[in-house]
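A quick write-up on the structure given underneath.
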Amino acid sequence: MCDLAQEGFRTIAVDLRGHGDSDWALEGAYEVRNFAADLVNIASLMRRRPALVGASLGGMAGILAEGELAPGTFASLTLVDIFPRMESDGVMRVIGFMEEHVDSGFASPQEAAAVIARYMPHRARRGASDGLKSYLRQKEDGRFYWHWDPAFIRNIAATRRSDPGNQDRQSAQLSLAAKNFALPLHLIRGASSDLVSKEAVSHLRQLVPHTEYTDIADATHMVVGDANDAFSAAIVDFLGRHHSSDTTQPHGTREP
């Protein structure tokens, strides 16, 4: 975001419902369509159409928002390692990581850092940085918990386990939405991602022939954390070619 600001763009990082400082949803309303509707509502409050940069959940919500709920909402769309087709094993690995400590939490931020290190062994081990601490909240029992509504990940995990066909239906829905894209589209994939395959990239480029594509070396699904400099350069290049810094306001979603 600092690189975008230096180029004259205004950036807004949104905590989606149930995440960060945003309110938790009543009755566990955490379907992708709910998140997509929130993005449409946020964009409607802006003076100009925003350029959406959506990673993981934010990208899925962006696909549905632009391709089905309200075409023309965004000036452009950048999808960060999230496409209509996803690898089931990679999806379940992410869900398993998020679900593992949802109830028990961590004794300290250092313990959370150790869990992340086991999940991402390709990275040099990192301590409990200020960035990590911002994703944790200490509760009255003294333990630290991820700063999202536990119902969010419980709902996802329960659906995946009880309804094996859910992912295929979701993929079909997102693919149908993507076919409606008329705006500039940028795909960014972590070259070592276990969530998005090269076949998934080809599938989306067939649906949207004008798509631009960037493969980030030495990055997994967590592209920003693995290769932030390369990621930032790709974002600045795409937005710089498609938008003037005084006519659009890039709008970013961040992962929990």
Side-chain angles (χ1 to χ4, degrees), residues 16-19 24-39 54-69 77 79-105 115-116 118-122 145-146 148-181 185 187-208 211 215 219-223 253 255-256:
L16 296 176
R17 63 169 62 194
H19 294 69
W24 292 3
L26 297 175
E27 299 178 358
Y30 293 120
E31 299 293 329
V32 177
R33 182 176 295 274
N34 299 129
F35 293 110
D38 290 343
L39 290 181
S56 201
L57 175 62
M60 292 194 340
I63 293 172
L64 202 59
E66 177 65 29
E68 180 179 320
L69 297 187
L77 177 58
L79 301 177
V80 184
D81 210 67
I82 197 74
F83 301 168
R85 287 186 179 176
M86 293 170 281
E87 298 298 308
S88 295
D89 289 347
V91 171
M92 291 308 298
R93 183 168 175 264
V94 172
I95 291 173
F97 167 73
M98 295 177 69
E99 187 184 24
E100 184 177 1
H101 291 272
V102 70
D103 292 313
S104 61
V115 170
I116 293 173
R118 291 196 297 272
Y119 175 69
M120 294 184 286
H122 62 284
Y145 297 82
W146 295 123
W148 61 62
D149 184 353
F152 162 67
I153 191 60
R154 287 197 192 105
N155 291 355
I156 294 175
T159 298
R160 293 284 179 179
R161 290 173 180 136
S162 65
D163 183 4
N166 175 267
Q167 184 170 327
D168 288 340
R169 291 195 301 275
Q170 184 179 75
S171 175
Q173 180 187 33
L174 294 174
S175 295
L176 189 61
K179 288 180 67 174
N180 294 327
F181 286 166
L185 178 64
L187 312 181
I188 296 180
R189 173 181 176 266
S192 299
S193 173
D194 62 352
L195 200 74
V196 176
S197 66
K198 289 186 177 180
E199 290 73 21
V201 175
S202 298
H203 168 68
L204 186 48
R205 297 184 83 176
Q206 290 173 2
L207 296 176
V208 190
T211 294
D215 207 49
T220 63
H221 178 60
M222 308 299 287
V223 178
T253 61
E255 294 186 78

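Leu57 places none of its side-chain heavy atoms less than 4.5 Å from the side chain of Ile82. For the pair Leu176 and Glu68, the minimum side-chain heavy-atom distance is 4.5 Å or more. Residues Gln173 and Val32 are not in side-chain contact: their nearest non-hydrogen atoms beyond the backbone lie 4.5 Å or more apart. Within the 4.5 Å cutoff, side-chain heavy atoms of Arg154 are placed close to those of Asp103. Counting only heavy atoms from C-beta outward, the side chains of Val102 and Trp146 never approach each other to under 4.5 Å. Taking 4.5 Å as the limit, every side-chain heavy atom of Phe83 sits out of range of all side-chain heavy atoms of Ser202. In this structure, the side chains of Asn180 and Glu66 stay at 4.5 Å or more apart for every pair of heavy atoms.
Shortest non-hydrogen contact noted between Pro84 and Ala178 is CG-CB, 4.4 Å. For the residue pair Gly62 and Leu39, the shortest heavy atom distance occurs at N-CD1, 3.8 Å. A pairwise comparison of heavy atoms in Thr211 and Arg205 identifies O-NH2, 4.0 Å as the closest pair. Closest heavy-atom contact between Val196 and Ala200: CG1-CB, 4.1 Å. Arg17 and His19 make their closest contact through O-ND1, 2.9 Å (heavy atoms, listed as atom of the first residue, atom of the second, distance). The two atoms that bring Pro150 and Trp24 nearest to each other are CD-CH2, 3.7 Å, heavy atoms only.
The salt bridge (charged side-chain N to carboxylate O under 4.0 Å, His left out) with Arg189 is formed by just one residue from the set Asp81, Asp215, Asp194; it is Asp215. When each of Leu207, Ile63, Leu204 is tested with Ser175 by the rule side-chain contact (heavy atoms from CB on, under 4.5 Å), just one qualifies, namely Leu207.
Remark: Asp163 CG is packed, more than 12 non-hydrogen atoms of other residues, nucleotides or ligands lying under 6.0 Å away. For Glu99, the CD atom counts as densely surrounded, since its 6.0 Å shell holds more than 12 non-hydrogen atoms of other residues, nucleotides or ligands. Atom CZ of Arg85 has 12 or fewer heavy atoms from other residues, nucleotides or ligands within 6.0 Å.
A distance of 4.0 Å separates CE of Met98 from CD1 of Ile153, quoted to the nearest 0.5 Å. The line from CG of Asn34 to CG of Leu16 is 11.0 Å long, rounded to the nearest 0.5 Å. Note that CD1 of Ile156 and CD1 of Ile95 are 6.0 Å apart. Values are rounded to the nearest 0.5 Å. The CG atom of Leu195 sits 10.0 Å away from atom OG1 of Thr220, with the distance rounded to the nearest 0.5 Å. Between atom CG of residue Leu185 and atom CG of residue Leu79 there is a gap of 5.5 Å, rounded to the nearest 0.5 Å. In this structure, NE2 on His221 lies 13.0 Å from CD on Glu87, to the nearest 0.5 angstrom.
Relative orientation of the Phe152 and Tyr30 rings is perpendicular, given thresholds of 30° and 60° on the angle between their planes.
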Exercise for the section: Apply side chain to side chain contact (heavy atoms under 4.5 Å, CB included) to Glu31 and Asn155, showing your working. Expected result: CA-CA 9 Å; Glu31 299 293 329; Asn155 291 355; over 6 Å; no
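Relative to the ring axis of Tyr119, Arg93 places its NZ or CZ within 45° and under 6.0 Å from the centre.
Remark: side-chain polar atoms of His203 are not paired, donor with acceptor, to backbone N or O of Val201 under 3.5 angstrom.
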